[in-house]
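Source: prediction; values computed, not measured. Counting from 1, the numbers follow the sequence of the chain as shown. Note that ligands are numbered from 1 as they come in the structure, with each ligand's atoms numbered from 1 the same way.
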Amino acid sequence: MIRIKHLSKTFNNPDGSKITVLKDVNCEIERGEVISIIGPSGTGKSTLLRAINMLEPPTGGEIWVDGENIMAKGYRLDKLRQKMGMVFQSFNLFDHLTVLENIIYAPMRLRDVAEADARKEAMDLLAKVGLAQKADVYPSSLSGGQKQRVAIARALAMHPEVILFDEPTSALDPTMVGEVLSVIRQLAKDGLTMLIVTHEMRFARDVSTRIFFMNEGIIYEDGTPEQIFEHPVHSATKAFVNRIQKLVFQIDSDDFDYIGIDTQVKQFCHKYNLDTKVELIYAVTEEMLFTHLKDVRPLTLRLTHAALSGETALDFMMEGATASPLPQGPAMDGIRAKVKQVVEEPTTRGFRIKILV
Ligand code: ADP
Ligand code: MG
């Protein structure tokens, strides 16, 4: 359905310099495939999506859609717009139109659908994304998750052959990520062809037929979710999919900045979608720092989260220590009952208590 050959994109900066963002992208996408595009930021994922639907005309290479070269002179872009829907991180709804008007706008103008038919279909689409009761409100009264579901309904109203999603959940409050991902999951079940740029690794693994790992302006590695996540060939792919987010604090004395730590831990949890664990992390940290390890200073506190495995750990590390400073007996039973695991182990530089939450 889509074939991309040696695609490149170079931007001219205002100061006269150039930046080549897409170097040599090659791929083929079959009808019905769900492809997640993952990779570090700044590697050209958004530029690739924008090039594929000619929002950002490429500077070299070819893009073939349904057997036609869309970069050829004379190719009609309105035809492409109808075949390819796009859903943006920032929703891009028309704020001066109601939800329903947002959805019927393009079908009435570009597909010549009669208003009554457009409205009827829009209501069906709103029901599909769970927002039938919101037809007559303005986007400003909706939550981010609701706005994004309207944006998806609007894209579907054009009966596209493929929808391109550019980080559809990145601008959302973590509590709303799930509702949008479940709509996309349903579209995947319906057999819609989709290209999805996402940082939600577990979603990508579950929903995709193939994964493109983009790095340095090329598709660095592509394969099934199992290949990319379990057996990546390249070390850059391995490092990316197994990457771990970290937050580290050095606690030297008793008058450390507990409020500051608390605030950063909450922000970290929010950013990495760990809101459900924040209370537990807070309780464990407080009990460890102020009760069980109150005489152990200096101490390094580290919070880590592995996106793919979903494993979250709190490490309390003591340089130079040779044995566990924890009290023996039932003192730790309260914590042990609440967490997944408590590991006490020597490290190369001292001793560590690792608590998996
Ligand atoms: P990603 O989506 O993978 O984070 P992008 O495709 O947004 O990456 O951007 C890749 C690179 O291209 C970045 O370095 C970005 O600054 C640059 N870039 C994107 N759009 C433009 C533009 N219109 N002009 C100049 N540079 C751009
Ligand atoms: Mg991007």
| message | Around the Mg ion (ligand 2), how many protein N, O or S atoms are found at less than 2.8 Å? | response | 1
| note | For ligand 1, protein residues within the heavy-atom limit of under 4.0 Å are F11, N13, I19, V21, P40, S41, G42, T43, G44, K45, S46, T47
| ring pair (Phe, Tyr, Trp, His ring centres under 6.0 Å) assessment of F165 paired with F88 | CA-CA 6 Å; F165 292 84; F88 302 87; over 10 Å; no
| Are F290 and Y258 close enough that their ring centres sit under 6.0 Å apart? | yes
| Quick one: do the E287 and H292 side chains pair a donor with an acceptor below 3.5 Å? | yes
| query | Between I163 and A155, which heavy-atom pair has the shortest distance, and what is it? | reply | CD1-CB, 3.9 Å
Table please: side-chain donor-acceptor pairs of residues 239-251 below 3.5 Å, with sequence neighbours left out.
{"unit_1": "N242", "atom_1": "ND2", "unit_2": "K238", "atom_2": "O", "d": "3.2"}
{"unit_1": "R243", "atom_1": "NH1", "unit_2": "F240", "atom_2": "O", "d": "3.2"}
{"unit_1": "Q250", "atom_1": "OE1", "unit_2": "T300", "atom_2": "OG1", "d": "2.9"}

| query | Should we count CZ of R336 as having more than 12 external heavy atoms under 6.0 Å? | reply | yes
| field | Trace of the side-chain contact (heavy atoms from CB on, under 4.5 Å) decision for D66 with R31 | value | CA-CA 10 Å; D66 290 334; R31 206 169 291 277; 2.8 Å; yes
| said: When you group the ILVMFWY residues by side-chain heavy-atom contacts below 4.5 Å and let the links chain together, are M158 and V129 in the same group? | reply: no
| request: Kindly write out the residues that satisfy side-chain contact (heavy atoms from CB on, under 4.5 Å) with D262, not counting sequence neighbours, or none if the list is empty. | output: K266, Y282
